[in-house]
There are 2 protein chains.
Amino acid sequence: MRKKKPTIHEVAARAGVGLGTVSRVLNNHPAVRPETRARVLRAMEELGYTPNPHARRIAGGRSYTVSVLLPFVATEFYRRLIEGIESVLLEKRYDLALFPILSEARLRRYLESHTLAYLTDGLILASYDLTEHFEGGKLPTDRPVVLVDTKNPRYDSVYLDNFLGGHVAGTYLARFPGAIFAVKVEEEPDRAFRHTVFAERMAGFLQALKEQGRPFPEDHLYTTRLSPEGGRLALRHFLEKSSPPLNVFAGADQVALGVMEEAERLGLTVGQEVRVLGFDGHPFAEEVGLSTIAQPVEAMGAKAAQLLLERMQGYAAPPREVRFEPLLIERASTGTPPAVPYVP
Amino acid sequence: MRKKKPTIHEVAARAGVGLGTVSRVLNNHPAVRPETRARVLRAMEELGYTPNPHARRIAGGRSYTVSVLLPFVATEFYRRLIEGIESVLLEKRYDLALFPILSEARLRRYLESHTLAYLTDGLILASYDLTEHFEGGKLPTDRPVVLVDTKNPRYDSVYLDNFLGGHVAGTYLARFPGAIFAVKVEEEPDRAFRHTVFAERMAGFLQALKEQGRPFPEDHLYTTRLSPEGGRLALRHFLEKSSPPLNVFAGADQVALGVMEEAERLGLTVGQEVRVLGFDGHPFAEEVGLSTIAQPVEAMGAKAAQLLLERMQGYAAPPREVRFEPLLIERASTGTPPAVPYVP
DNA sequence: CTGAAAGCGCTTACAG
DNA sequence: CTGAAAGCGCTTACAG
């Protein structure tokens, strides 16, 4: 049997101070002599002391944990988002609890009930537009709430301009000669929420093509679920419509990866015969030399955490809206763009 | 501003009883007169009272929440598993907190530190074999731990016999005439853990074919990531090797779905020209008429929860091992098996 | 069966 | 700057 965890009492005794003092160093209270603080810190270290969040919360303070409610889809996007959130929270000694939303019913339970999710110090909601889920468009909680990867005028929101990203993609690909194709990622219909990012990206893309006077026949668009294999099928489909060089915009790096894989498998030179532009800027894109419209996911997560921290510290002004812009990153998969843009 | 949540005090006052009595009905203590219990329950209802898990935990009792640590992959499998776990936990008034494991580092943090994950009443670990992650193969926690979808002699384990499932699949498909093919799902290499279920399924499958005297050339195996599009690519590949009728075993229903989709797209009759057998028994398999090797995921989750509950109530015997068997479900995608098994 | 008291591990004014 | 006390919302013996 493991020994019981040491409490603040043991720390106080060992450091030869009162409970209050220990608590003060725990909470970074300025009114502690550096010398005393050091002594307490050492005692904690020696005892392997670690504060009990339940007790902290019960004592009227904070639990020092933040809940992140996110869709039950474990993708690279959410991994990066969580990383960003965590990076700033950790610095402030906050912990993270993830609550994957499996259904709308579960979301309600998280929020209306006594679940732990409800009892942390603040909430970050990822990718949800809440207005449709609750009456009055307001979440049934009085903790601070921040939205990320979606927005709502009632809450601090951090989001990416996906339309702009698609537009940048379209403008860029229009510089090249050759037919233009696009792979759109299908939204999952059975989710408790509607995700519109893929549609927004495509809308921006089509708008840009129109502005550049580049035609885009309907059958140049291929729709698939989010998977590399979807990209492979897409390329095969495109090659039935048109011969190289092909310019392909994939609405997600995952899919773009499949396009590249299939091109290689067919012996086509990526960057020349098949130019591929992805969207996301996931780490693996760099590894495989994929040009992409990068979204600063980690930065968005960090920003969301920062806004939440401010709210938890009492900031009470009206909701803020932070818009991030995606960035074109040129790599080998699109080759070298012509000095003079192609004119149809 | 929302009113403060009512506490046990308000409930006691309203019901005209002492604090202890309220606590007793909260904890289902038998020593409460039915009449009194009813009165307390009504007071709770009227006040919208809901107990504070932090306080419960701090008071030396339970927090009435259980942590589930699971890989950061949101698939139908884990949705079902959680559903199963939750079904029995809910009944005992326990809540669930999910902790997706993003990396081994995070797993350690969950377990070694003061995170909430560590401070609930018990842990369920899904799909992990822990021995490789901690010294001595023992988790650094003294809470009860139950494993599911994996096993370890040191802990109560609930698992599926994947080899048997593959074997059943092989024996079944061998009854049909026509070439036999298989789609294997690739294990994700960048996970913090090694998942071997797909390999086990395939091993059982191959073993059965051998026993039935059915040849299985190496190029009848197609490997892909887990996606329906992978199944579509697989079928196209198989059709280059052999003409219908084809018998395809897909290591996962997701992939089998893609095989069906592609067959239909190519105008091939599923169940005759292309026979497909999946693995998982996910709900959507029934909708599309997919024959499959069903694993009782919900039942496995429920069993794990039950074992954990027993441990939390003090059950202290050596670790138990519960093995579940998959079940063949025949539907339209494999058509009608011949009265007399095919003999090569 | 039920109430009053002690205590869980912490924080936060309140006095020094 | 620091200690002692009160209190957070609950549970658990302890007496009746």
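This one's a predicted model, so the numbers in the text were calculated from it and none came from an experiment. Quick note on labels: first sequence line is chain A, next is B, and so on, each numbered from 1. The figures that follow rest on heavy atoms only: side chains count, while hydrogens, waters and symmetry mates do not.
With rounding to whole Å, H54(A) atom NE2 is found 12 Å from dC10(D) atom C1'. With rounding to whole Å, Y49(B) atom OH is found 7 Å from dG9(D) atom C1'. Atom-to-atom, CG of N52(B) to P of dC8(C) comes out at 18 Å; the value is rounded to the nearest Å. Look at CD on E10(A): it is 13 Å from C1' on dC10(C), rounded to the nearest Å. Rounded to whole Å, the distance from CZ on R39(B) to C1' on dT2(C) is 11 Å. Following rounding to the nearest Å, N27(A) (CG) and dT2(D) (P) show an atom-to-atom distance of 15 Å.
Proximity of Y64(B) to the phosphate of dG9(D): no side-chain N or O atom is located under 4.0 Å from OP1 or OP2. For the pair T36(A) and dC1(D), the criterion of a side-chain N or O lying under 4.0 Å from OP1 or OP2 is not met. The phosphate of dG9(C) (OP1 or OP2) has no side-chain N or O of T7(A) nearer than 4.0 angstrom. Phosphate proximity of dC10(D) to S23(B): absent, as no side-chain N or O sits under 4.0 Å from OP1 or OP2. Distances shown here put every side-chain N or O of T21(B) at or beyond 4.0 Å from the OP1 or OP2 atom of dT2(C). Contact between the side-chain N/O atoms of R56(B) and the OP1/OP2 oxygens of dT11(D) is found at a separation under 4.0 Å.
Salt-bridge formation is not detected for the pair R143(A)/D121(A): no Lys NZ or Arg NE/NH1/NH2 atom is positioned less than 4.0 Å from an Asp or Glu carboxylate oxygen. Ion pairing between E310(B) and R320(B) holds under the 4.0 Å rule for side-chain N and carboxylate O. Ion pairing of R79(A) with E83(A) is present here, as a side-chain N (NZ or NE/NH1/NH2) and a carboxylate O approach within less than 4.0 Å.
In DNA chain D, the stems built from three or more successive Watson-Crick or G-U pairs (distances below 3.5 Å) are C:1-3 with D:14-16, C:5-12 with D:5-12, C:14-16 with D:1-3.
Within 3.5 Å, a donor on the side chain of R24(A) pairs with an acceptor on the base of dG3(D), or the reverse.
No contact: V22(A) has no heavy atom under 4.0 Å from any strand.
For the 3.5 Å distance criterion, the side chains of Y64(B) and T120(B) fail to qualify, holding no donor opposite an acceptor.
Summary of the strand contacts: L19(A) and V32(A) both lie near DNA chain D, and taking for each the nucleotide with the nearest heavy atom, the more 5' one is attributed to V32(A).
Within the 4.5 Å cutoff, no side-chain heavy atoms of E10(B) are placed close to those of Y49(B).
Set against dG9(C), dT11(D), dC1(D), the side chain of R33(A) has dC1(D) as its closest nucleotide.
Not a single donor-acceptor pair under 3.5 Å links the side chain of T65(A) to the backbone N or O of L96(A).
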